[in-house]
Structures are given as structure tokens and as C-alpha cells.
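Structure, as C-alpha cells:
All values below were derived from every heavy atom in this structure, side-chain atoms included, with hydrogens, water molecules and symmetry-related copies excluded.
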Amino acid sequence: APVFMKSAFSFFFPENTRNGTPVVTLNATDEDSGVYGQVTYRLETETEDFTLDPDTGVLVVSRELDRESTEFYDLTIRAVDGDPNKPLSAFANVRVRILDVNDVAPIFTSQHYFVKAREDLPVGSVVGFVDASDPDLYQGGQIQFSIDHGAEDKFYIDKLSGAVKVKN
């Protein structure tokens with residue numbers, strides 16, 4: 001049967017990795033001679049995000065990766081010898097972790113926010129909240145709020161909480 005030089009791999013790639021980027025070259029040998037010793041490779045795991053060259057054993061990124069939809073890939077590769085009647089095989093496992101890139105803009109939970117406020121509210125009174133989310137990790141997922149135009153002379157917003165408050 002074929003034998004992999006190494007049967008377990010682990011890699012990290014950012015989600016903006018280009019299509020066609022090689023992940024690893026898998027290498028299996030078979031001590032049999034002739035057609036019985038010829039090794040071909042198969043990607044056993046169903047995925048469109050990676051492809052495997054059956055002759056060279058090169059595993060490549062084949063589609064845009066998105067950490068927000070899939071963070072880990074556990075891929076199984078089979079090496080098969082050339083016996084046409086009873087082919088023998090061996091397996092290797094490749095784990096690919098997709099690292100986050102700040103590639104998603106924050107999204108407000110509502111397109112419009114409506115509030116009612118009395119005209120005699122003291123300065124600093126909270127009249128409402130806005131809310132948004134961002135699935136990116138770490139600093140890329142941190143949100144800060146601001147008021148861009150129009151109401152900034154009467155209201156201000158807490159940049160971290162989204163609380164809209166009376167200014168003057």
C-alpha cells in the first residue's frame with residue numbers, strides 16, 4: 001500500500017488568500033514496481049474551496065475563503081496505488097484554519113431609528129440607542145458610532161454604546 005511521508009498537517013491562511021495558492025504538497029510512496037507502485041491522490045472531503053492535483057499531490061486554494069462562514073477545514077486525502085483490480089490506499093489529514101481579515105463592514109440592526117423626546121430634557125439625557133454588529137474578529141469587529149451631519153448641534157452619540165444624548 002502507499003505510505004505518506006507525513007499523515008497529518010495543520011496550516012493557517014488569511015481569508016484573503018488568493019485562488020491558486022498552494023497549501024501543501026502531499027507525498028506518498030509505494031514500494032511496488034510498475035503500475036502497482038504508481039500513486040495518485042484524491043481529495044475525499046467534499047469542498048469547492050480546495051482542489052488536489054491527482055498526479056502531483058499539490059493541494060491548492062480554489063475559491064475565495066471566508067472565515068465568517070467557515071473557520072476550519074478538515075480535509076482527508078487518499079493516496080491510491082495503480083492496481084486496476086484491488087487498489088490499496090493510505091490516508092492523510094490536512095487541517096486549515098482561516099484567519100480573520102477586516103473584510104466586513106458594520107451593519108446597523110435597523111435602517112431607521114425613531115425616538116420621541118421632550119424639549120425640556122436636561123443635557124446628557126439619553127433619548128435613544130442605535131445598534132450595529134460586525135462579524136470580524138478583534139479590532140476589525142469593534143464598532144464606534146458617530147453622528148455625521150444635521151443633528152450634531154442638538155444631540156451627540158456615545159461612540160462605544162450608541163446612546164444618543166441631548167447636547168444643549
How long is the straight-line distance from [atom2] of [Y] back to [atom1] of [X], given to the nearest 0.5 Å?
{"X": "Asp83", "Y": "Asp32", "atom1": "CG", "atom2": "CG", "answer": "8.5 Å"}
{"X": "Lys167", "Y": "Ser125", "atom1": "NZ", "atom2": "OG", "answer": "15.5 Å"}
{"X": "Phe4", "Y": "Ser89", "atom1": "CZ", "atom2": "OG", "answer": "9.0 Å"}
{"X": "Ser62", "Y": "Leu43", "atom1": "OG", "atom2": "CG", "answer": "9.0 Å"}
{"X": "Arg97", "Y": "Phe12", "atom1": "CZ", "atom2": "CZ", "answer": "6.0 Å"}
{"X": "Gln139", "Y": "Asn102", "atom1": "CD", "atom2": "CG", "answer": "9.5 Å"}

Is there a donor-acceptor pair under 3.5 Å between the side chain of [X] and the backbone N or O of [Y]?
{"X": "Asp136", "Y": "Val104", "answer": "yes"}
{"X": "Glu15", "Y": "Val101", "answer": "yes"}
{"X": "Asn19", "Y": "Glu64", "answer": "yes"}
{"X": "Ser7", "Y": "Ala92", "answer": "no"}
{"X": "Ser146", "Y": "Ile157", "answer": "no"}
{"X": "Tyr41", "Y": "Leu59", "answer": "no"}

task = Dump the intermediate steps for side chain to side chain contact (heavy atoms under 4.5 Å, CB included) on Leu26 and Val94, then the final yes or no.
result = CA-CA 10 Å; Leu26 295 137; Val94 177; 4.2 Å; yes
Does some side-chain heavy atom of [Y] sit less than 4.5 Å from a side-chain heavy atom of [X]?
{"X": "Tyr73", "Y": "Leu65", "value": "yes"}
{"X": "Pro84", "Y": "Tyr36", "value": "yes"}
{"X": "Val80", "Y": "Arg42", "value": "yes"}

request  = Could you check whether the rings of Phe9 and Phe11 sit parallel, tilted or perpendicular, using 30° and 60° as the cut-offs?
outcome  = parallel
task = For the pair Phe145 and Phe108, name the ring-plane relationship: parallel under 30°, tilted 30 to 60°, perpendicular over 60°.
result = tilted
query = Between Asp100 and Tyr138, does any side-chain donor sit less than 3.5 Å from a side-chain acceptor?
reply = no
Atom of [X], atom of [Y] and distance for their closest heavy-atom approach:
{"X": "Thr45", "Y": "Thr76", "result": "OG1-N, 2.8 Å"}
{"X": "Ile98", "Y": "Pro14", "result": "CG2-C, 4.4 Å"}
{"X": "Gly140", "Y": "Asp134", "result": "O-OD2, 3.1 Å"}
{"X": "Ala79", "Y": "Pro2", "result": "O-CG, 3.7 Å"}

inquiry  = According to side chain to side chain donor-acceptor pair (under 3.5 Å), does anything in residues 105-124 pair up with another residue at least two apart or in another chain? List the pairs.
reply    = Thr109-Tyr113, Arg118-Asp120
request  = Step by step, work out the side chain to side chain contact (heavy atoms under 4.5 Å, CB included) result for Asp103 and Asp66.
outcome  = CA-CA 9 Å; Asp103 62 339; Asp66 183 19; 4.3 Å; yes
remark   = Tested for side chain to side chain contact (heavy atoms under 4.5 Å, CB included) against Val23, the lone hit among Leu75, Val61, Val60, Leu52 is Val61
Can you get from [X] to [Y] by hopping between Ile, Leu, Val, Met, Phe, Trp and Tyr side chains that sit under 4.5 Å apart?
{"X": "Val130", "Y": "Ile143", "result": "yes"}
{"X": "Phe155", "Y": "Leu121", "result": "yes"}
{"X": "Val127", "Y": "Ile147", "result": "yes"}

